[in-house]
Novice: 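So that we are looking at the same thing, I have put the structure below in structure tokens.
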There are 2 protein chains.
Amino acid sequence: MGMIRCTKCGQVHAIAKSGMVRGKQRYYCKDCHIYFTLPDPGNTGVAGTKRPRPGHIATILDIAKALNISKSTVSRALQGHTDIKKETREAVVKMAGKLDYQPNLLAKSLVKSKSNTIGIIVPEFVNYFFPAVIMGAQEIASEAGYNVIICQSQESVKTEIANTKVLLASRVEGVIISMTRETSDFDHFKAFGRHGVPIVFFNRICEKIPASRVMVNDYEGAYNAVEHLIANGYRRIAHISGPPNLRLSQNRINGYLDALKAHKLPSHRSWIIHHDLTAANASDSAKKLLSLRSRPDAIFCVNDPAAIQTLLYAKSIGIKVPDQLGIVGFSDDPISSIIEPQLTTVKQPVSEMGQIAMRILLDQIKLGPGPHKPVHTKLLTNLIVRQSSVRDHP
Amino acid sequence: MGMIRCTKCGQVHAIAKSGMVRGKQRYYCKDCHIYFTLPDPGNTGVAGTKRPRPGHIATILDIAKALNISKSTVSRALQGHTDIKKETREAVVKMAGKLDYQPNLLAKSLVKSKSNTIGIIVPEFVNYFFPAVIMGAQEIASEAGYNVIICQSQESVKTEIANTKVLLASRVEGVIISMTRETSDFDHFKAFGRHGVPIVFFNRICEKIPASRVMVNDYEGAYNAVEHLIANGYRRIAHISGPPNLRLSQNRINGYLDALKAHKLPSHRSWIIHHDLTAANASDSAKKLLSLRSRPDAIFCVNDPAAIQTLLYAKSIGIKVPDQLGIVGFSDDPISSIIEPQLTTVKQPVSEMGQIAMRILLDQIKLGPGPHKPVHTKLLTNLIVRQSSVRDHP
DNA sequence: GTGAAAGCGCTAACAT
DNA sequence: ATGTTAGCGCTTTCAC
């Protein structure tokens with residue numbers, strides 16, 4: 001073993017290498033039965049005074065060393081533990097400030113097996129709806145001391161699956177989801193359940209998963225909207241619907257159909273068009289409907305962006321709204337009150353939706369692991385009557 | 001020590017308690033010099049076969065045990081290390097699936113001192129602008145394998161400071177920021193620099209920090225907008241500006257003033273109103289300007305939401321746009337092309353702004369620690385002439 | 001009231 | 001090709 005001498009007996013003959021400690025070779029003296037490492041050559045002063053390289057972020061250990069106390073004490077002081085001497089706590093806090101200490105949430109989450117993080121998955125960010133829901137949700141989460149990771153699935157199942165992986169890997173404590181328009185396989189959502197991570201669906205819910213849901217009364221909202229059109233003298237009422245696999249599309253169609261039925265009005269297969277919720281596609285759908293030989297005199301749209309495209313298209317080809325065509329949307333997008341004529345719409349409580357979804361989720365988290373009874377919340381919509389559906393002389 | 005017997009010699013007299021291991025009491029036999037723990041009473045089978053309690057998330061150790069290999073091998077197999085036997089890798093992957101293994105990013109980030117996470121701080125989510133920028137940014141981040149934590153400061157410095165703390169604690173590798181309208185103290189941003197976390201400001205930049213910036217040519221955009229108004233015969237041109245401490249407000253004011261000066265048109269102190277960028281406040285500002293004895297015949301607005309409120313207010317009191325009042329906005333919000341008359345606006349590349357900010361940030365991260373030369377990017381705007389500023393007979 | 005040490009789940013350097 | 005071990009930064013028994 002060369003010139004290594006035991007720190008106790010000074011002998012050289014009985015020394016063996018024995019692993020590494022903090023990057024330094026550890027030796028073992030077979031005579032003295034002791035382990036030791038060589039003192040740092042470049043640091044002949046007090047042992048362990050290794051000053052932090054620049055760019056090093058201070059840890060509780062740095063604070064502890066600086067104050068000559070243990071890191072447990074520092075940890076306790078920083079957490080506001082009661083049984084810590086007042087002066088000690090003050091010294092720790094002061095030193096933390098001096099060393100520009102920033103707690104490491106990753107380490108904390110790891111040791112506590114609790115990330116204090118909520119995941120949110122939404123399909124897009126383009127329209128008013130989802131950012132507004134997120135605002136509401138984030139507000140409640142912050143109040144409860146939770147952070148939020150927001151994911152956009154971009155209406156792609158593949159991305160949605162990737163999102164769930166990231167959230168799972170980030171050990172979120174719960175997830176709020178509005179699905180992709182094309183999601184029809186739900187295994188990736190089930191992974192949350194298997195790992196005890198509660199889910200709350202909103203708006204675009206998944207019925208195959210026993211999870212909590214926040215929706216609006218889509219059926220009644222649609223029913224009222226169509227009834228309103230009927231009351232205003234419209235008789236040939238068409239519907240631009242959303243993707244057929246979304247429950248909200250089905251509910252709104254049913255409300256639409258039942259309102260027609262209740263008033264003994266005809267419904268045609270060709271008067272219902274499913275579209276994919278993109279703006280371009282909505283205006284195509286409007287075009288299709290308005291080129292029908294049996295042209296509808298009113299269109300109820302699954303959401304405001306579709307209604308707005310419909311309105312714009314009608315105007316562009318010289319169809320007068322509301323005289324020749326009545327239009328009602330769903331959501332109350334800010335554009336609705338600005339476009340001319342102003343859009344009649346079924347207003348849904350958007351920000352509240354996010355708040356309530358988050359409250360339900362936090363409750364489930366508080367209840368701890370194990371499956372809980374899902375909560376199904378149905379918020380109320382109300383019809384905002386504006387110009388696009390009201391004729392002076394029906 | 002009661003009835004505890006040494007696992008080697010079977011004696012009882014020389015046993016001492018010696019700390020805890022994995023929740024179990026460890027004992028020491030003074031005769032044999034060995035440590036041991038008692039076998040699990042409820043698990044008399046093979047030692048270490050403790051099956052996972054429900055709700056337990058599988059770790060690499062679980063996979064390792066199940067396959068009777070070491071966790072390093074599992075770790076390497078999962079990372080796609082080259083020097084792993086093919087069969088071993090396949091077995092590991094298969095078992096990972098069977099055990100529903102989900103990697104723990106917190107642990108990985110901790111050990112690698114690399115979180116693969118970027119932070120974004122924006123003032124709000126209400127208007128089109130910030131969500132659109134975030135979309136662009138997130139797109140680039142995902143491509144590079146980075147996750148994003150989005151924070152809303154809600155135009156509150158206090159919240160903004162809290163946001164920086166969270167991001168720092170989450171060990172984000174970089175941050176993209178658009179400041180609060182009221183941010184005038186910048187210490188909380190400096191913390192990022194001190195910890196080697198690069199920042200990129202966009203839109204609402206901070207000049208007191210030597211960080212990268214992404215902006216548009218605010219001055220030229222404003223200049224062109226005002227020159228366009230002048231070309232259309234407007235002479236008494238007012239300006240609804242943003243919060244005075246934002247650089248973009250100053251730049252746009254300067255462009256406005258210089259355009260007036262270049263064309264020898266008057267500028268009045270009372271024709272420039274600062275507002276706080278909320279919708280309600282914008283319409284107040286419009287009201288103020290339009291009640292002036294020397295009423296302006298055109299208004300250039302710092303952004304589209306303000307221009308839209310101005311337009312709505314003018315219409316509400318019967319002022320004809322563009323005949324009696326010319327209006328130009330900034331941004332090209334989707335509403336601009338829908339409102340009537342359609343709004344002339346200085347279009348800025350919104351999504352690109354997010355993309356470029358993220359690219360710059362990722363570059364700085366790649367360069368590693370240490371201060372780097374900040375990159376200042378100025379994107380080009382272009383004037384979209386619509387109806388709100390074009391008179392048939394100037 | 002404080003310290004010592006185990007351990008959260010993972011990676012990487014070293015040893016074999 | 002695989003195992004052993006230390007350690008990322010923190011919390012939390014347990015011991016004194």
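Hydrogens, waters and symmetry mates are skipped; everything else that's a heavy atom, side chains included, is used. Lettering follows sequence order; numbering is per chain, from 1.
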Novice: Just how far is it from atom CD1 of B:Ile199 to atom NZ of B:Lys190, taken to the nearest 0.5 Å?
Specialist: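 That separation rounds to 10.5 Å.
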
Novice: Closest nucleotide of DNA chain D for B:Ala107 versus for B:Asn68: which of these residues is on the 5' side?
Specialist: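 The residue whose closest nucleotide sits nearer the 5' end is B:Asn68.
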
Novice: D:dT2 phosphate, OP1 or OP2: any side-chain N/O from B:Ser70 under 4.0 angstrom?
Specialist: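 Answer is no, no contact under 4.0 Å.
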
Novice: Using only heavy-atom distances, decide whether a donor-acceptor pair under 3.5 angstrom links the side-chain of A:Arg171 to the base of C:dG9.
Specialist: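 A donor-acceptor contact between them is absent.
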
Novice: Taking CD1 from A:Ile63 and P from C:dG3, how many angstroms apart are they, rounded to a whole number?
Specialist: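 Going from A:Ile63 (CD1) to C:dG3 (P), I get 14 Å.
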
Novice: Would you jot down, in residue-number order, the residues of residues 108-115 of chain B having a non-hydrogen atom under 4.0 Å from DNA chain D?
Specialist: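 By residue number: B:Leu110, B:Val111.
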
Novice: Scan the side chains in residues 82-93 of chain B for donor-acceptor partners under 3.5 Å anywhere in the protein, sequence neighbours excluded, and list what turns up.
Specialist:
residue	atom	partner	partner atom	Å
B:Asp83	OD1	B:His81	ND1	3.3
B:Arg89	NH1	B:His81	O	3.3
B:Arg89	NH2	B:His81	O	3.2

Novice: So for B:Thr73 and D:dA1, does any side-chain atom that can act as donor or acceptor lie under 3.5 Å from a complementary atom in the base?
Specialist: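 For B:Thr73, whose side chain was compared with the base of D:dA1, there is no donor-acceptor pair (under 3.5 Å).
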
Novice: Can you give each donor-acceptor pair under 3.5 Å made by side-chain atoms of residues 142-149 of chain A, sequence neighbours left out, with the distance rounded to 0.1 Å?
Specialist:
residue	atom	partner	partner atom	Å
A:Ser142	OG	A:Gln138	O	2.9
A:Tyr146	OH	A:Lys114	NZ	3.0
A:Tyr146	OH	A:Glu173	OE1	2.9

Novice: To the nearest Å, how far apart are B:Lys65 NZ and D:dG3 C1'?
Specialist: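 That distance rounds to 16 Å.
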
Novice: Ignoring hydrogens and geometry, is there a side-chain-to-backbone donor-acceptor pair from B:Thr159 to B:Gln154 under 3.5 Å?
Specialist: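 Checked: no pair found.
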
Novice: Whole-Å distance between C:dC8 P and B:Asp62 CG?
Specialist: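 Atom CG in B:Asp62 sits about 11 Å away from atom P in C:dC8.
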
Novice: If the cut-off is 4.0 Å, is B:Gln102 near the phosphate of C:dG9, judged by side-chain N/O to OP1 or OP2?
Specialist: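 No, because none of the side-chain N or O atoms of B:Gln102 sits under 4.0 Å from OP1 or OP2 of C:dG9.
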
Novice: Give a yes or no answer on whether the side chain of B:Glu160 reaches the backbone of B:Ser156 with a donor-acceptor pair at less than 3.5 Å.
Specialist: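 No; judged by distance alone, with no hydrogens or angles, the pair does not exist.
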
Novice: Could I get the full list of salt bridge (Lys or Arg N to Asp or Glu O under 4.0 Å) partners for B:Asp363, not counting sequence neighbours?
Specialist: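 Once residues adjacent in sequence are excluded, B:Asp363 has no partner under the salt bridge (Lys or Arg N to Asp or Glu O under 4.0 Å) criterion.
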
Novice: Between A:Val74 and B:Asn104, which is nearer to the 5' end of DNA chain C once each is assigned its nearest nucleotide?
Specialist: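 Comparing both residues, the 5'-ward one is A:Val74.
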
Novice: Just compare D:dC10, D:dT11, D:dG3 and give me whichever is closest to any side-chain atom of B:Ser72.
Specialist: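 Closest nucleotide to the B:Ser72 side chain: D:dG3.
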
Novice: Within the side chain of A:Ser115, is there an N or O that forms a donor-acceptor pair under 3.5 Å with the backbone of A:Arg171?
Specialist: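 A pair under 3.5 Å: yes.
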
Novice: Could you tell me the separation between the CG atom of B:Leu61 and the P atom of C:dC10, rounded to a whole number of Å?
Specialist: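 Value for this atom pair: 9 Å.
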
Novice: Rounding to an integer number of Å, can you tell me how far A:Asn116 CG sits from D:dC10 P?
Specialist: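 A:Asn116 atom CG is separated from D:dC10 atom P by 16 Å.
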
Novice: Among the candidates C:dT11, D:dG3, C:dC10, find the nucleotide nearest to the side-chain atoms of B:Thr59.
Specialist: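 Closest nucleotide to the B:Thr59 side chain: C:dC10.
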
Novice: So, the side chain of B:Asp62 versus the backbone of B:Thr59: is there a donor-acceptor pair under 3.5 Å, distance only?
Specialist: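 Confirmed, B:Asp62 side chain pairs with B:Thr59 backbone.
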
Novice: Rounded to whole angstrom units, what separation is found between the CG atom of A:Leu168 and the C1' atom of C:dG9?
Specialist: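 Rounded to the whole Å, the gap is 15 Å.
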
Novice: Strictly distance-based, threshold 3.5 Å: is any side-chain N or O of A:Ser170 a donor or acceptor partner for the main-chain N or O of A:Val172?
Specialist: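 Looks like no, no N/O pair under 3.5 Å.
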
Novice: Check every strand shown and say whether A:Leu106 touches a base, only sugar-phosphate, or nothing at a heavy-atom separation below 4.0 Å.
Specialist: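 Touches nothing.
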
Novice: Could you check which of C:dA13, D:dT11, D:dG9 has an atom nearest any side-chain atom of B:Arg76?
Specialist: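 Looking only at side-chain atoms, B:Arg76 lies closest to C:dA13.
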
Novice: Ignoring backbone atoms, establish whether B:Gln79 has a side-chain N or O less than 4.0 Å from OP1 or OP2 of C:dC10.
Specialist: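 For B:Gln79, the contact criterion (side-chain N or O under 4.0 Å from OP1 or OP2 of C:dC10) is not met.
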
Novice: Could you check which residues of residues 81-93 of chain B get a heavy atom under 4.0 Å from DNA chain D? Sort them by number, please.
Specialist: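 Hits under 4.0 Å, by residue number: B:Asp83, B:Ile84, B:Lys85, B:Thr88.
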
Novice: Can you list every pair that meets side chain to side chain donor-acceptor pair (under 3.5 Å) and has a residue in residues 101-112 of chain B, with sequence neighbours left out?
Specialist: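 Qualifying pairs, neighbours excluded: none.
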
